[in-house]
Amino acid sequence: MSSILVVTEVREGKLKQVNREIFTAALQLGNKKNLSVAALILGNEINGLIDEPGKYGVQQVLSVSDPKLAKYSPDCFTAAIVEVAKQKNPEMILMGATNMGKDLLARVAQALDTALAQDVTDIDVEADEIIFTRPMYAGKIMAEVTISSTPQMATIRPKSYKALENPTPVTVEKMNIHLPKPLVVVDEVIKSTGGKMDVTEADIIISGGRGMKGPENWHLIENLAEVTGAATGCSRPVSDEGWRDHGEHIGQTGKTVSPSLYIACGISGAIQHIAGISSSKCIVAINKDPEAPIFKAADYGIVGDVFEVLPALTEEIKKTGQ
Amino acid sequence: MNIAVCIKQVPDTETKIKIANDNKSINEDGIKWIVNPYDEFAIEEALKIVEKFGGEVTIISVGPSTIEKSIREALAMGAHHAIRIETPQIPFDPVVTSSALASVLKEGNFDLIFLGQRAIDADHSQVTSMLSQILDLPCVPLIVKLEINGNKATALREIEGGDEKISFNLPAIVSAQRGLNQPRYRSLKGIMQAKKKEIQIKQASLPEEKIIVRKLAYPPEKEAGRIIGQGVEAVPELVSILRDEAKVL
């Protein structure tokens with residue numbers, strides 16, 4: 001039986017959450033297309049991870065363990081996946097649309113002479129054809145694309161699928177693959193201060209705009225982020241001014257995000273920003289200008305001063321939380 | 001230093017994108033075209049490197065003559081040469097773009113190849129990675145810092161929640177992420193000089209597109225948001241809605 005190969009991403013000895021979401025996505029697609037699902041775990045000292053796909057219903061695990069895979073080496077990871085693909089001949093290869101996944105699968109697609117749909121938010125089957133839906137123009141347009149070569153490949157945007165637990169026993173096949181000498185070497189992994197969550201992976205994002213008036217007021221955003229377990233984001237003027245790091249910039253020339261809850265504080269809602277948050281499940285806007293375009297994009301809004309509303313919101317959530 | 005910067009012409013970020021009648025492409029009427037914003041970081045970094053170490057910067061772009069507008073804008077920033085790879089339209093599939101660029105890059109003997117980390121139109125984020133695979137060169141996407149020392153380089157690459165410090169040898173391919181630098185403005189002198197610079201035209205044999213657009217659609221239209229109320233009095237109701245109705249807290 002042909003298969004869907006899910007390439008997992010290991011960070012700090014753990015599988016990233018997006019992998020679990022893709023296990024569920026792959027199993028749903030596998031049911032429709034009569035394809036089995038195999039998880040590929042690449043890394044060093046990964047024995048503790050090989051049961052993880054089974055918790056989400058994936059029965060077949062392939063593993064490649066090598067010190068050269070301890071950190072992300074595009075060259076070695078590409079070589080490993082290409083070799084696995086040549087041996088197993090999957091119909092489809094999926095991975096998370098993370099910075100690593102997007103680079104890696106583009107290289108694998110090139111090496112296997114096929115194509116890649118990047119940052120996919122939905123995979124569906126219509127008349128036996130697999131259709132990938134992916135945002136373009138940061139979400140101003142949704143494109144349905146098909147891939148005319150095999151294996152069909154896609155990276156899937158974090159938070160597009162909900163991971164469903166479905167414990168099942170796994171069979172593990174350890175593969176020995178000769179890896180090349182890496183051309184680029186990761187000397188060091190530098191975590192951002194406080195080890196903060198990235199906006200692309202966060203379930204809740206508290207985001208500030210120019211209405212926050214200056215970096216010295218960001219404790220209001222951070223306090224709310226803390227009580228809600230959220231990541232912090234910002235609009236473009238804020239990162240351009242240097243109030244916040246560029247990594248927090250959300251919008252067409254920054255990051256596109258899909259959290260369950262996006263709270264926009266003092267953000268007017270320029271078209272580029274709205275595009276970047278349009279796939280959020282619930283958007284809340286707090287802005288003193290009732291005419292601000294952000295209210296049109298939002299599900300709920302409070303017209304008011306962020307400097308009063310934000311502390312009140314933080315307190316209320318604390319008070320009513322468990 | 002002999003540096004190539006691969007650029008793409010894209011609609012301005014202000015553009016409200018409209019879908020054409022075929023439902024598979026966008027309606028280009030009235031669009032203002034710009035150099036892809038991430039490519040400007042790439043051009044800036046390339047110019048800074050040749051200002052420090054000497055050398056020349058060549059702009060390369062794939063598409064019909066209409067893309068010469070943005071090629072000239074890149075030249076106006078101070079790039080020395082430009083090559084346009086002739087295609088009937090700007091390719092959609094990054095496989096095609098990469099193949100076209102690689103055919104020119106192979107002959108150019110470049111020490112460094114720069115791209116923007118993605119083009120803000122189709123958002124593929126693939127060409128950098130594919131080029132490194134075709135050209136078999138060290139590749140670091142998403143750099144926010146680059147230091148060069150002879151034929152060795154170190155870069156900071158953005159990852160989720162931090163950066164990776166990477167070392168590699170030249171020649172190499174890198175893609176620019178926001179934060180790398182602040183692109184310079186085009187000076188009047190630069191704009192005048194760019195008008196006189198030659199844009200070399202090259203042909204490339206192109207592979208078939210393998211990603212096929214079936215349909216374009218607008219994201220589901222949202223009803224305008226519900227204003228819960230004014231100021232702090234509205235906060236308790238908002239929280240209860242987020243907990244019980246939207247179930248997102």
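Convention: sequence-line order gives letters A, B, ...; per-chain numbering from 1. Just so we're clear, the structure is a prediction, and the values are computed from it rather than from any experiment.
- With a 4.5 Å cut-off on side-chain heavy atoms, B:Leu105 and B:Ile173 do not count as touching.
- Chain A forms the most heavy-atom pairs under 4.5 Å with one residue out of B:Gln126, B:Arg118, B:Lys16, B:Glu164, and that residue is B:Gln126.
- Contacts between A:Thr78 and chain B at a heavy-atom distance below 4.5 Å involve the side chain alone, from C-beta outward.
- The local environment of CG in B:Asn21 is sparse, with at most 12 non-hydrogen atoms from other residues, nucleotides or ligands closer than 6.0 Å.
- Proximity to chain B involves both the backbone and the side chain of A:Thr98, based on heavy atoms less than 4.5 angstrom apart.
- There is no contact between A:Lys319 and chain B, counting heavy-atom distances below 4.5 Å.
- For A:Glu201, the part lying near chain B is the side chain, with the backbone staying farther off; criterion is any non-hydrogen pair under 4.5 Å.
- Of the atoms belonging to A:Val199, not a single heavy atom falls under 4.5 Å from chain B.
- Between the CD atom in B:Glu28 and the OG1 atom in B:Thr66 there is a gap of 7.5 Å [rounded to 0.5 Å].
- Here B:Leu242 is the residue among B:Val140, B:Leu242, B:Thr154, B:Val144 with the most heavy-atom pairs under 4.5 Å with chain A.
- A:Thr146 is not listed as a side-chain neighbour of A:Ser148, based on a closest heavy-atom distance of 4.5 Å or more.
- Once rounded to the nearest 0.5 Å, the distance linking CD of B:Glu40 with OG1 of A:Thr253 reads 10.5 Å.
- At a cut-off of 3.5 Å, with distance as the only test, no side-chain donor of B:Arg178 or A:Ser239 sits close to an acceptor on the other residue.
- Proximity to chain B (any heavy atom under 4.5 Å) is shown, for A:Asp203, by neither the backbone nor the side chain.
- In this model, a donor atom of one side chain and an acceptor atom of the other lie less than 3.5 Å apart for A:Asp103 and A:Tyr72.
- At a threshold of 4.0 Å, the pair B:Lys18-B:Asp29 does not count as salt-bridged, since none of the basic side-chain nitrogens sits closer than that to a carboxylate oxygen.
- Looking at A:Asp119, there are no atoms closer than 4.5 Å to chain B (heavy atoms on both sides), in backbone or side chain.
- Contacts with chain A were tallied for B:Asn36, B:Leu249, B:Val95; B:Leu249 has the most, counting heavy-atom pairs under 4.5 Å.
- Neither the backbone nor the side chain of A:Glu315 comes within contact range of chain B; no heavy atom of the residue lies under 4.5 Å from a heavy atom of that chain.
- The contact between A:Ala297 and chain B is made entirely by backbone atoms, counting heavy-atom distances below 4.5 Å.
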